[in-house]
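Working notes, beginning with the structure itself.
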Amino acid sequence: MSTTTSVTSVTTTWTRVDAVRRRLALSGPVLGALMLVASGVLNLGPAGDSMRASFEAMAARSGQILVADVLETLGFLFVLASFAALAGVLRRRGAMVATWGAPLCLLGSAGFAMSNATGLGIVGLAQLPDHDAAFATALAAFQGGTGTATGMVETLLEVLGQVGLVLVTVGLVRARVVGWWAVLALAVGMVVDVALGSATGTLVADVLLLVVSAGVVGGLTRAGRGTWLGAERQVAPAAS
């Protein structure tokens with residue numbers, strides 16, 4: 001194979017990878033955010049006023065919780081992976097800060113996946129016939145030493161993912177894809193989620209994330225070639 005052919009092959013491959021990144025960036029945020037909103041709606045059911053009541057509620061709504069957890073896992077995967085992909089397609093202003101946020105988004109997707117896996121484990125225990133023994137096992141497994149350490153790791157990764165989401169959004173603001181309102185909306189959603197500490201707070205945060213995602217996709221759709229590739233296509237002057 002000649003050197004020219006090799007270079008052409010590599011260039012073609014890279015162009016295809018770049019195209020996939022752009023498609024992911026344009027389709028993933030809204031699709032993922034819609035999944036998160038759907039998950040939030042499913043989680044609005046009664047949770048109980050104690051840990052034992054919440055455990056019993058899981059037993060009564062196991063199918064609903066299963067669907068909600070799967071939607072939430074996929075939703076965060078789509079959103080965070082899409083925002084991480086934006087670091088690879090933004091080549092102008094904002095690319096630096098977006099690049100810092102990309103790996104944090106990927107870490108966050110792992111954290112949310114781990115957290116949902118833990119939740120599904122508890123739901124599985126709630127289906128056992130002996131609820132007293134199952135509840136005791138859940139407490140021992142997920143509130144004991146190993147469970148606490150795992151929970152801390154999950155929380156840390158989730159926080160890093162949210163920080164990464166904000167950093168990439170700041171990069172998009174600097175690239176003039178979206179306005180500063182997007183960063184404010186994300187911050188408000190995170191504060192509401194933490195302050196309320198309930199399914200309602202999570203749903204509010206998810207709806208705001210959907211609004212931001214829609215704004216980002218709209219901005220990218222309207223953006224010129226320079227936003228994606230780093231330089232507007234130069235048109236040669238016509239010969240006189």
Side-chain angles (χ1 to χ4, degrees), residues 28-29 31-48 50-59 61-84 101-127 134-135 137-168 186-187 189-210 213:
L31 176 61
L34 284 172
M35 289 182 177
L36 291 175
V37 170
S39 173
V41 171
L42 289 173
N43 281 326
L44 286 178
S50 66
M51 294 184 66
R52 182 57 188 262
S54 298
F55 188 77
E56 297 296 336
M58 289 181 182
R61 301 189 302 126
S62 59
Q64 183 176 335
I65 293 175
L66 173 62
V67 173
D69 274 6
V70 170
L71 285 174
E72 185 176 42
T73 301
L74 293 176
F76 275 118
L77 177 61
F78 272 99
V79 170
L80 293 171
S82 299
F83 273 76
L104 297 182
C105 286
L106 297 179
L107 289 174
S109 64
F112 283 109
M114 291 171 60
S115 178
N116 285 335
T118 300
L120 289 175
I122 297 177
V123 173
L125 287 172
Q127 306 311 303
F135 182 65
T137 301
L139 288 179
F142 300 111
Q143 287 196 333
T146 303
T148 299
T150 301
M152 291 176 62
V153 171
E154 292 170 356
T155 301
L156 175 60
L157 292 177
E158 289 175 1
V159 170
L160 290 177
Q162 293 177 70
V163 172
L165 195 62
V166 171
L167 288 177
V168 174
L186 288 178
M190 293 173 187
V191 170
V192 170
D193 190 14
V194 173
L196 295 183
S198 64
T200 301
T202 300
L203 180 59
V204 170
D206 292 338
V207 170
L208 289 174
L209 178 58
L210 175 59
S213 297

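Numbering starts at 1 and runs along the sequence shown. Everything quoted here is computed from the prediction, not taken from an experiment.
- Between Leu210 and Leu36 the shortest side-chain heavy-atom distance does not fall below 4.5 Å.
- Remark: Ala68 pairs with Ser39, Leu42, Asn43 by the side chain to side chain contact (heavy atoms under 4.5 Å, CB included) rule, at least two apart or across chains.
- Nearest heavy atoms, Ser213 versus Phe83: OG-CE1, 4.1 Å.
- Considering only residues two or more places apart in sequence or on other chains, Leu104 meets the side chain to side chain contact (heavy atoms under 4.5 Å, CB included) condition with Leu107, Leu160, Val163, Leu167.
- Remark: Val70 engages Leu66, Leu74 in a side chain to side chain contact (heavy atoms under 4.5 Å, CB included) (not counting sequence neighbours).
- Val79 is listed as a side-chain neighbour of Leu165, based on a closest heavy-atom distance under 4.5 Å.
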Under the side chain to side chain contact (heavy atoms under 4.5 Å, CB included) criterion, do Leu186 and Leu209 qualify, and how do the steps go? CA-CA 6 Å; Leu186 288 178; Leu209 178 58; 3.7 Å; yes
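- Residues meeting the side chain to side chain donor-acceptor pair (under 3.5 Å) test with Asp69, sequence neighbours left out: none.
- Taken from CD in Glu158 to CG in Leu80, the straight-line distance is 10.0 Å, to the nearest 0.5 Å.
- Considering only residues two or more places apart in sequence or on other chains, Thr200 meets the side chain to side chain contact (heavy atoms under 4.5 Å, CB included) condition with Leu44, Ser198.
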Verdict with supporting geometry, Leu203 and Val37, side chain to side chain contact (heavy atoms under 4.5 Å, CB included): CA-CA 6 Å; Leu203 180 59; Val37 170; 4.2 Å; yes
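- The SG atom of Cys105 sits 11.5 Å away from the CG atom of Leu77 when rounded to the nearest 0.5 Å.
- Here the closest heavy-atom approach between residue Leu71 and residue Ala38 is recorded as CD1-CB, 4.0 Å.
- Rounded to the nearest 0.5 angstrom, Ser115 OG and Phe76 CZ are separated by 9.0 Å.
- Atom CG in Asp206 sits 13.0 Å away from atom CE in Met35 (nearest 0.5 Å).
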